[in-house]
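Quick caveat, the model's predicted, so the values are computed rather than measured. For ligands, and for the atoms within them, numbers begin at 1 and follow the listed sequence.
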Amino acid sequence: MRHSGLRQLSFAVVLTLGCAPGPAAFAASPAPAQGQNGMVVSAQHLASQVGVDILKSGGNAVDAAVAVGYALAVVHPAAGNLGGGGFMTIRLKDGTTTFLDFRERAPLASTGTMYLDADGNPVPGASTDGYLAVGVPGSVAGMEAARERYGTRAREELIAPAIRLASEGFVLEPGDIASFAEGNDMLAQDEAAAKIFLKDGKPLELGATLVQADLAKSLTAIAQGGADAFYKGGIADLIVRASEANGGILTREDFERYEVRELEPVKYSYRGYDIVSSPPPSSGGLVICEILNVLEGYPISYLGYGSAETVRLMVEAMRHAFVDRNTALGDPDFVDNPVGKLTSKAYAEEIRARIDPYRAGVSEALKPAGFGESKETTHYSIIDRDGNAVAVTYTLNGSFGIGKVAEGTGILLNNEMDDFTIKPGVPNLYGLVQGEANAIEPGKSPLSSMSPTIVSKDGEPFMVIGSPGGSRIITIMLSAIMNVVDHGMDLQEAIDAPRIHHQWLPDRVLMEPYALSPDTLRLLAGMGYRVGTDPDWTIWGEAAGILVGGRNLRQIAAGDGARYYGAIDSRATAGAAIGY
Ligand code: DON
């Protein structure tokens, strides 16, 4: 699905240059997709095509984002969803920016200790596995709010492709099969899910057609009745019924009270680029901002990609920023987030002054965190012919959420409640050790790391980017931005380049295999860094991005590039960047 012809082209370019390093050389990545009028990059190729079709028929980027959001719920059920939540960052052609928060909210009956046993210890699986783990879903309200406020097309038109994909089915390709591999065991345990996503109890096979009749019915009800069909109609009733029958606490009132929040995005600049990203209840925008503000004080481009010095500075900036993330941030309706401090260049200067130039910093010693289980979220990026740009990250949290479908709805439900602090000091699914600011309260959203981001330069859109990856979303985004801005990579190279991650606790640097050379590792070890790969986490996100005006900074400066370049992470199994 992914531009193999262009891969040869980039190979040819390198050969022409005799592999000499130089400003026009490209790394060993396929070339990004190109487009003059629009670009859609998502984690499932059929959903990307749905978005492009909407753009071609004259819909704007928000129309396309809504249609892709519904379509991914059908063709990428591990993360695309109606039963989860997420964020949408929008930059309109006139430069206006806004942010829609349609993240899950804690049910009204939730309590701060709901996942602890009588002795105050976390009950294994309680916040991840069953109906008690489900937050009130926001995706349908989010899609509808986006369409009503910023779209131009009728609801029926934007949902129609998803209904068709659900009712007629779609053929499973290797990427889809790979995505199901993570969920099959869990889905098999739920009768309603197994009926849809397995055949006679066995995993679906390559080339099989996946039809989702109940999901088509739910989508049709939403097409006809809007968000009310979900929140005030039969769909809410069916989800509440399933929840009540299976130890959950969701009520009809939870659904009726759900509201999308339209928030001011986090805004800051990095080396002259203007960045808008996710505000609380995401930590992502603020934490990436804090890290970039710290790094702005160092000559990263000169220090070089992957050098021990660059890695060290990135790690120290990450360490400091994740302390703030995990201790100070939470839902803005419940917590006074230190937004001014975390975005301030003076605060970054303070952090730089605390970074030891010779030795690794030391994170506070707390219970070491363990990673585990499968994870899935999805991000898509869209830009239209007018330059309206949309970045959406939405999720069920874990792959396929709780892996259960409310009977009759075809809708998989999230396990987003695990993003709350289940107990201060106890790591969650992503090993995050968090504090009271993110404690569970009725109606509150758990703190997220999702960071749909739009970068502009001199008043024009420059980059649209986001990724899944749990807490690693933050460092995935960081490296994509740095790789383009500091290291001059094209977007595909920037996204594909191996990654490093540090999140304060556990106090170790994680790297993807081959990310750092033995020499670099030796230098880092000499300074006291513990660096290693993570055997439990093989997929580091699936970034999806768009670069405007050229394949990389050099081409943008030369002015001889195409208009839009799209890149889907090589780590994504079924995705596609499609331009036109
Ligand atoms: O909101 C968050 O930060 C998480 N629930 C995101 C989960 C995620 O990215 C899983 N994907 N790999």
Side-chain angles (χ1 to χ4, degrees), residues 43 72 76-81 83-89 99 101-106 127-128 133-135 137-139 142 178-179 182-183 277-288 322 325-326 329-331 371-380 391-403 412-422 427-434 438 444-453 465-477 499 501 503 510 512 534 536-544 569 571-575:
L72 281 170
H76 186 41
N81 67 80
F87 303 129
M88 182 180 292
T89 305
F99 180 84
D101 160 23
F102 53 94
R103 187 154 169 83
E104 297 87 339
R105 319 278 182 234
S127 64
T128 52
V134 181
S139 292
S179 159
E182 279 202 68
S277 191
S278 49
S282 179
S283 63
L286 285 173
V287 178
I288 300 167
F322 269 92
R325 182 205 183 283
N326 294 1
L329 300 181
D331 183 318
F371 294 95
E373 306 198 22
S374 57
K375 312 101 183 163
E376 199 58 83
T377 294
T378 193
H379 175 85
Y380 55 99
V392 179
T393 315
Y394 74 151
T395 187
L396 293 165
N397 194 25
S399 237
F400 300 94
I402 57 168
L412 281 159
L413 294 161
N414 69 81
N415 55 1
E416 217 72 53
M417 293 292 283
D418 186 66
D419 277 350
F420 276 117
T421 306
I422 301 310
N428 74 356
L429 202 56
Y430 306 104
L432 288 167
V433 179
Q434 309 180 92
N438 190 30
K444 187 176 176 184
S445 272
L447 187 63
S448 173
S449 300
M450 294 188 289
S451 319
T453 296
I465 183 92
S467 179
S471 55
R472 281 170 224 212
I473 291 171
I474 288 168
T475 50
I476 291 168
M477 298 289 294
R499 296 165 175 152
H501 175 78
Q503 59 179 37
L510 294 173
E512 276 185 304
D534 180 356
D536 294 332
W537 192 306
T538 48
I539 312 256
W540 287 51
E542 296 185 345
D569 208 315
R571 300 163 185 84
T573 53

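Judged purely by distance below 3.5 Å, without hydrogens or angles, the side chains of Ser139 and Asn81 pair a donor atom with an acceptor atom.
Taken to the nearest 0.5 Å, the CG atom of Asn414 stands 13.0 Å off from the OH atom of Tyr394.
Interface atoms of ligand 1 facing Pro468, defined by a heavy-atom separation under 4.0 Å, are 9 (O), 11 (N), 12 (N). Residue Ile473 has at least one heavy-atom neighbour below 4.0 Å for each of these atoms of ligand 1: 9 (O). In the vicinity of Ser449, heavy-atom distances shorter than 4.0 Å reach the ligand 1 atoms 1 (O), 2 (C), 3 (O). Residue Arg103 approaches ligand 1 through these ligand atoms, each under 4.0 Å from one of its heavy atoms: 1 (O).
Checked by distance only, ligand 1 and Leu447 stay at 3.5 Å or farther apart across all their nitrogen or oxygen atoms. Checking only distances, Thr395 never comes within under 3.5 Å of ligand 1, N or O to N or O.
Counting heavy atoms under 4.0 Å from ligand 1, residue Asp419 touches it through the side chain alone.
When the side chain to side chain contact (heavy atoms under 4.5 Å, CB included) test is applied to Ser282, the partners found at least two apart in sequence or on another chain are Phe87, Ser278, Ser448.
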Problem set entry | Residue pair Arg571, Asp569: steps toward the salt bridge (charged side-chain N to carboxylate O under 4.0 Å, His left out) verdict | CA-CA 5 Å; Arg571 300 163 185 84; Asp569 208 315; 2.7 Å; yes

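For Arg472, the heavy-atom gap to ligand 1 stays at 4.0 angstrom or more.
Partner of Ser445 under the side-chain hydrogen bond (donor to acceptor under 3.5 Å, both in side chains) criterion, chosen from Glu416, Arg105, Glu104: Arg105.
No side-chain heavy atom of Ile474 sits under 4.5 Å from any side-chain heavy atom of Gln503.
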